[in-house]
Each structure stands twice: as structure tokens, then as C-alpha cells.
Amino acid sequence: MVSASTDYGYDSKVEGGVIVSRADAAINWIRTNSMWPMPMGLACCAIELMAVGGARFDIARFGAEVMRFSPRQSDCMIVAGTVTYKMAPQVRRIYDQMAAPKWVIAMGACASSGGMYRSYATLQGVDRIVPVDVYVSGCPPRPEALLDALMKLQAKVRREPAARRLLSA
Amino acid sequence: MSAEFLAALRSRFPQAVDRASADHPAVNVPLAEVGAVLKFLRDEQAFDLLMDVTAIDWAEGANPRFTVVYHLLSTTRAGSYIRVAAPCGGMDEAPVAPSVTGLWPGANWHERECYDMFGIRFEGHPDLRRILMWDGYPYHPLRKEFPLAGIETALPGADVAEETGTQVVAAPMAGGPFVASSGEMNLSEAEPRAKDESWSDRVAQPGQTPLRQVKE
Ligand code: SF4
């Protein structure tokens, strides 16, 4: 019997305790299910980010509940809030300090585009200083929207040629 | 209700004249007197709390161009609140006012904010640095001639600016200001939208470069 999934193969007739998989599938399975966020909570959106961490929405169901306040230990920066120009270099430095592979979610209108702050003090979208993987609309986005973004990011990570990148790095 | 301390103030400082005010009493005093007036109000009239130090920009060409305003509250005499205003000295571009950090240590941050936003130098301030914008920002954003959208300048953090190729840009108004429509229509039509939707920060206005330069 061979499973329909291309991520792993299992044949009980050949050997009872052995699963065959692709390197990409195994690496990406690990990465997607332990994506530790770097909570870049800069404004009101951070309150919704906290709600996502709470029991009702429970981001732990997706393996991303371990908010790391050290960039060295985190995989996914969630920019939740208004990025001012004064804060922008710090956001970029923290991104630079994260170990690869790393991803960025721009949560909310402010982080995605500057939002309603069409002003001299606000960076008009965090994608001007860091590469963004997923944008979440809303002001603030519902917690479900952030969970959806996380699932989208996981789907994206699952498609990455992880093994080839590791070997060529 | 407030007559007593105002009368005392006037008899001590004849230069203090009433200032138009919709709510609390307010006085105009010459800049040279402002320190003495505030000290008198604090020590002899029980105005022990400095609520705010702020400023007014009367726009380019006005004389004096800037006025500093001190807001005082008495925590021991109910309902006593007074504003003291003084025209700034110095040149139009470099106004000066005396610091009151010696009277109220809490004036420190108020005066730094005032300096940051209006460029008023508070003489005698122990640490007059910007407080909201970053050190090295070249403008004072609450001055009348400064546009809300901002002016193109360098990003703080030269290394990050170089690495990302990003700078401080004038915020895209994208056809704004955004206005809501009223009348008989469905809700999504009534939402605030720009008057001119023919351009955005990616699609340039005729004759201009697009505001957003994304590095591919
Ligand atoms: S998008 Fe809205 S809720 Fe989120 S930080 Fe900006 S203003 Fe606050």
C-alpha cells in the first residue's frame, strides 16, 4: 500500500517501521510546524497579536506560540503596528539578526502600507526595509486573519526547495 | 472665582495683561518676566503643577512668530488653572525662551518636545535634544510651513539606509484627502475614498516619479 501523499511513502509489506520521505518534505514539515515568531509589536495591532496568543484563538495549534524576544531564536517576524521612521532601522537590524531561514508577516494596514498615517513620521509600508512574505489587511486584523496569514505562510514554506538551498548555502 | 490670584499677579507684575481665553484665565507677559511670573505663581499662589509647555506658530512673517504657553494647575486650590503666554525672542528661524526646568523638573520633556516640533531653544535646559523625531532630523514638523506629508530626507541609521536604499519620502496622499459620501447609497459606496483615484504610490501622477520604488 502506498500513500497518495508525495511527502512520504509507507509500505507495510516491505518494512514495518520505515517511512520514506523527500528531504524537502521533511525539512519543510519541521519548519512549518515550529515557526517561532519574533513579535514586533509596535502599536494597537500588537493587542490583537496578544489575543492570537491567548486561549481563545490559540496560535499554539499551529506551532507558533513560542514568542521569542530574541531575534536569534525566532523564525518569523510579525510586524504588528505602525513603523515610524525612527523605529525603522531597529526593525531592520532585528531582522538582520534573525538566523536564516526567516520570514516576515506584515500585520495590519500600518505595517503593510503606512495605513492611515499619511504623515512625515511614518514609514509607508514595512516592505521598504524588509522583504515581506504575507500581508494581512485590517485595522486591526481579526485574530483569525493573522492565523490565516500564518497558514498561508506555512503553505508557502512547504513549497520551498529547502534541501537545495541548504546545500548551496 | 479666579479674581484673587489674578489680582495678586497684576499688582506684582503690572506688565501682565489679560489674554483672550474661552475657558481658564490666561495672561500675556513679556519674555523677560516669564521666569519670575511662574516662580511667583508656584511659590506664592500655590500653582504647584506644571501641566504643559507648548507653543504657537503664527506663521512666517508674523512678529513675533512664536509664542510659548505654560499651563499651570493648583492641586491644593480646587479649580485653579492658568495659562501664561510669552512671545519668543530671537530670530524668526531660531526662537529662544527661558527654560523652567529649574522650577519644575517635569518641564524637561515638555521643552524637548517643544524644541523638537517648533525649534524653540530653551535656554538653561540641561539636555535639549529631540524627543519624538530622531537626532539629526533636519526639520521642525509643527511649524506652519512644514507639510503634513513630510519632506524627503535621509533615513536614520545610515547603514540601514544604504542596505535598503530607502529614505524618508513625502507620504503618498494618493489623491486624498479621503472623503466620505453621504446620501442614499449602499455602505461600500459611502466609504471614504480619494477624490482623484487616477494615481497611487505605484502609478505616478503625470509628470512625476512614482512614490514607491520597490527594489526587485
Ligand atoms: S493597522 Fe490599525 S490597529 Fe494596526 S497598528 Fe495600524 S492603526 Fe493600529
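Order of the sequence lines fixes the chain letters, A, B, ..., with proteins taken first and strands second; residue numbering starts at 1 for each chain.
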Among all residues two or more places apart in sequence or in another chain, which pass the side-chain hydrogen bond (donor to acceptor under 3.5 Å, both in side chains) test with B:Asp18? B:Arg10
Given a strict heavy-atom distance threshold of 4.5 Å, which part of B:Leu155 is in contact with chain A: side chain, backbone, both, or neither? side chain
Which bit of B:Phe146 comes within less than 4.5 Å of chain A, counting heavy atoms only: side chain, backbone, both or neither? side chain
Heavy-atom pairs under 4.5 Å with chain A are the metric here; pick the option from B:Ala149, B:Gly157, B:Gly150 that has the most. B:Ala149
Cation over ring, B:Arg65 on B:Trp58, under 6.0 Å and within 45°? no
Which of these, B:Arg130, B:Met133, B:Arg112, sits in a side-chain contact (heavy atoms from CB on, under 4.5 Å) with B:Met117? B:Met133
Residues B:Asp159, A:Arg93: salt bridge by 4.0 Å N-O rule: yes
